[in-house]
Amino acid sequence: MPNMSPKKNEMPVQLPEERRHNFDEVALGYTEEQAINEADRCLQCKHKPCVKGCPVHINIPGFILAIKNQDYKKAYEILTASSSLPAVCGRVCPQESQCEALCVRGIKGESVGIGRLERFAADWYLKNAEEQVEKPEPNGHKVAIIGAGPAGLTCAGDLARLGYDVTIFEALHVAGGVLVYGIPEFRLPKKIVRKEIEVLQKLGVKLRTNMVIGQVLSIDELLEEGFEAIFIGSGAGLPRFMNIPGENASGVYSANEFLTRINLMKAYREESDTPIKHSRKLAVVGGGNVAMDAARCALRLGAEEVYIVYRRSEAEMPARLEEVHHAKEEGVIFKTLTNPVEILTNEQGHVSGMKCVEMELGEPDESGRRRPIAKPNSEFVLDVDTVVIAVGTSPNPLLRNTTEGLETNKYGCLIVNEEGLTSRDGVYAGGDAVTGAATVILAMGAGKTAAASMHKYIQEKRKKA
Ligand code: FAD
Ligand code: SF4
Ligand code: SF4
């Protein structure tokens, strides 16, 4: 008889008053006992509805059964048959709107903690088992990957396992994409990402950092150098702004810059070469995961007051529920139905406040969410000395501008067919560069699709030759 408790086993966490002063991981992970108990809540449904909610179709009941039987190695193997980054996805996947949203246990209570169990199995393996990596037989074909985020890393891994000579070209000095420069250490420890990248390197994947494709080398030059197919996984790292007065003032950051300085450059350490201003009162504009991450980082840097300023209500916030909950517990102040209209500056040109208006919700707009409308005569000034803008990002136009015939849509996203092929023969793409800012698991799924298509493309070309 399965465990019929309507509630998930709770995730052990660092206490809010402690964690708001450190960058250590907030969620501590299930103990073995909790994991087995949670695995026992799974009904092993014949039709596996949960699997339909997972973009990479992990055999969810299969890996959960292995955990229940205490065969954690098998659980890990089932996970990695579909996903190359289970320790990452178990932590950051929006499970509540994917696999867990379709779990039958969610009908009368809480769904099975699929993400938490995935994390448990992956962490167990990383701690207890030596990764056995067998270098595959080379197949004599060479491919290039642009960008070392989850899309590019997944594509690289799948092609390396098929024997391809894979080179990743990464613009930054480290691999990982948003996993290292965006998502903070307290949500995703970087050693986990490094471990996953080491596995790829053991498979023979070559990593060339500080290589901005479109500047140092063009896509056409890569093709001329003998790369037979190319995957573009360059993400969507170009910040959007609100275009309001004062946005160029000193003390205004894009969330990307703010988070990169903190996560990648370790700006919170005394010895950091890229220090960050220590704010007294800081406002983050936006309501997504990026905004929550920026606000929670600001608290950890010692700000006395941190606001989330969001023009819709909390119900419309795109951030994961867990992130909103954690941010509130840590003391972030939510100013919803509030829209900034001007950033005020002092004589030195530094932020001295943010003029806002109160909003109310009208009819739904084209996104299906209710349109925010400014309330008349509701202006007020929020007393802040730093503003972080987290209102979205788009793909950088560099590759499109330097590659003849590479088509993008009106948002600057690369256009691909269902196989991940762009408008250029042999050039594939996936992840945020195609969808705009989305999720880790969708980027990984796109990397997998493209790897399979690139393999087919090269095989067919070989047959014709
Ligand atoms: P990226 O991760 O952006 O990687 C692209 C890589 O390409 C980067 O390393 C970049 O330096 C490199 N690059 C760009 N241009 C070039 C070039 N010209 N030449 C060479 N290299 C280039 N998703 C979730 O699922 N859960 C979360 O909790 C979550 N939180 C997030 C928090 C933050 C702060 C941010 C910013 C995003 C978050 N996301 C989250 C979204 C998720 O991280 C992205 O959807 C995912 O990383 C996209 O993967 P990608 O490989 O397409 O691109
Ligand atoms: Fe769920 Fe994400 Fe794991 Fe798929 S990868 S099973 S969606 S947590
Ligand atoms: Fe288990 Fe829920 Fe999937 Fe059923 S839907 S197999 S209970 S995880």
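Atoms within a ligand are numbered from 1 in the order they appear, just like the ligands themselves.
- For the pair Ile213 and ligand 1, the shortest N or O to N or O distance falls below 3.5 Å.
- Of the heavy atoms in Asp293, only side-chain atoms (C-beta onward) come closer than 4.0 Å to ligand 1.
- Distances shorter than 2.8 Å separate atom 2 (Fe) of ligand 3 from the protein N/O/S atoms Cys103 SG.
- A salt bridge does not link Glu110 to Arg41: none of the charged side-chain nitrogens sits closer than 4.0 Å to a carboxylate oxygen.
- Using a 4.0 Å cut-off between charged side-chain N and carboxylate O, Glu185 and Arg300 make no salt bridge.
- The part of Ala438 lying near ligand 1 is the backbone, judged by heavy-atom distances below 4.0 Å.
- Where the criterion is an N or O separation shorter than 3.5 Å, residue side chain and backbone included, Glu170 meets it with respect to ligand 1.
- The distance from ligand 1 to the heavy atoms of Ala151 drops below 4.0 Å at these ligand atoms: 51 (O), 52 (O).
- The residues Glu25 and Arg119 are annotated as salt-bridged, a charged nitrogen and a carboxylate oxygen being separated by less than 4.0 angstrom.
- Checked against a 3.5 angstrom limit, the closest N/O atoms of Gly152 and ligand 1 fall outside it.
- For ligand 1, the polar-atom distance check against Arg187 finds a nitrogen or oxygen pair separated by under 3.5 Å.
- Between Ala236 and ligand 1, no N or O atom pair is found at a separation short of 3.5 Å.
- Contacts with ligand 1 closer than 4.0 Å are made by side-chain heavy atoms of Leu259 only, the backbone lying farther away.
- Between Ala171 and ligand 1, at least one N/O pair is under 3.5 Å apart.
- Look at Gly233 and you'll find a heavy atom under 4.0 Å from some atom of ligand 1.
- Below 4.0 Å from some heavy atom of Ile58 lie the following atoms of ligand 2, by number and element: 3 (Fe), 5 (S).
- Ligand-side atoms of ligand 2 in range of Glu118: 3 (Fe), 5 (S), 6 (S), 8 (S), range being under 4.0 angstrom from any heavy atom.
- Ionic pairing of Glu198 and Lys195 is not present here: no N-O contact between side-chain nitrogen and carboxylate oxygen is shorter than 4.0 angstrom.
- Polar contact check, Pro94 against ligand 1: no nitrogen or oxygen pair lies under 3.5 Å apart.
- The option with the heavy atom closest to atom 2 (O) of ligand 1, from among Val178, Asn263, Asn396, is Val178.
- Taking only nitrogen or oxygen atoms, main chain and side chain alike, Asp432 reaches within less than 3.5 Å of ligand 1.
- Annotation for Cys297 and Leu259: closest pair SG-CD2, 3.8 Å, computed over non-hydrogen atoms.
- A cation-pi arrangement is not found for Arg296 relative to Phe186, the charged atom failing to lie both closer than 6.0 Å to the ring centre and inside a 45° cone about the ring normal.
- With ligand atoms numbered from 1 in the order given, ligand 2 contributes 2 (Fe), 5 (S), 7 (S), 8 (S) to contacts under 4.0 Å with heavy atoms of Cys93.
- At least one heavy atom of Pro150 sits under 4.0 Å from some atom of ligand 1.
- Checking Glu228 against Tyr164 by side-chain atom types alone, no donor-acceptor pair falls below 3.5 Å.
- Ranking the protein heavy atoms by distance from atom 14 (C) of ligand 1 puts Ser234 O, 3.1 Å first.
- With 3.5 Å as the limit, one finds no donor-acceptor pair spanning the side chains of Ser254 and Glu257.
- Residues passing the side chain to side chain contact (heavy atoms under 4.5 Å, CB included) test with Asp425 are Tyr457, sequence neighbours excluded.
- Atom numbering of ligand 2 starts at 1 in the shown order; those under 4.0 Å from a heavy atom of Ile441 are 5 (S).
- The protein non-hydrogen atom at the shortest distance from atom 27 (C) of ligand 1 is Val92 O, 3.4 Å.
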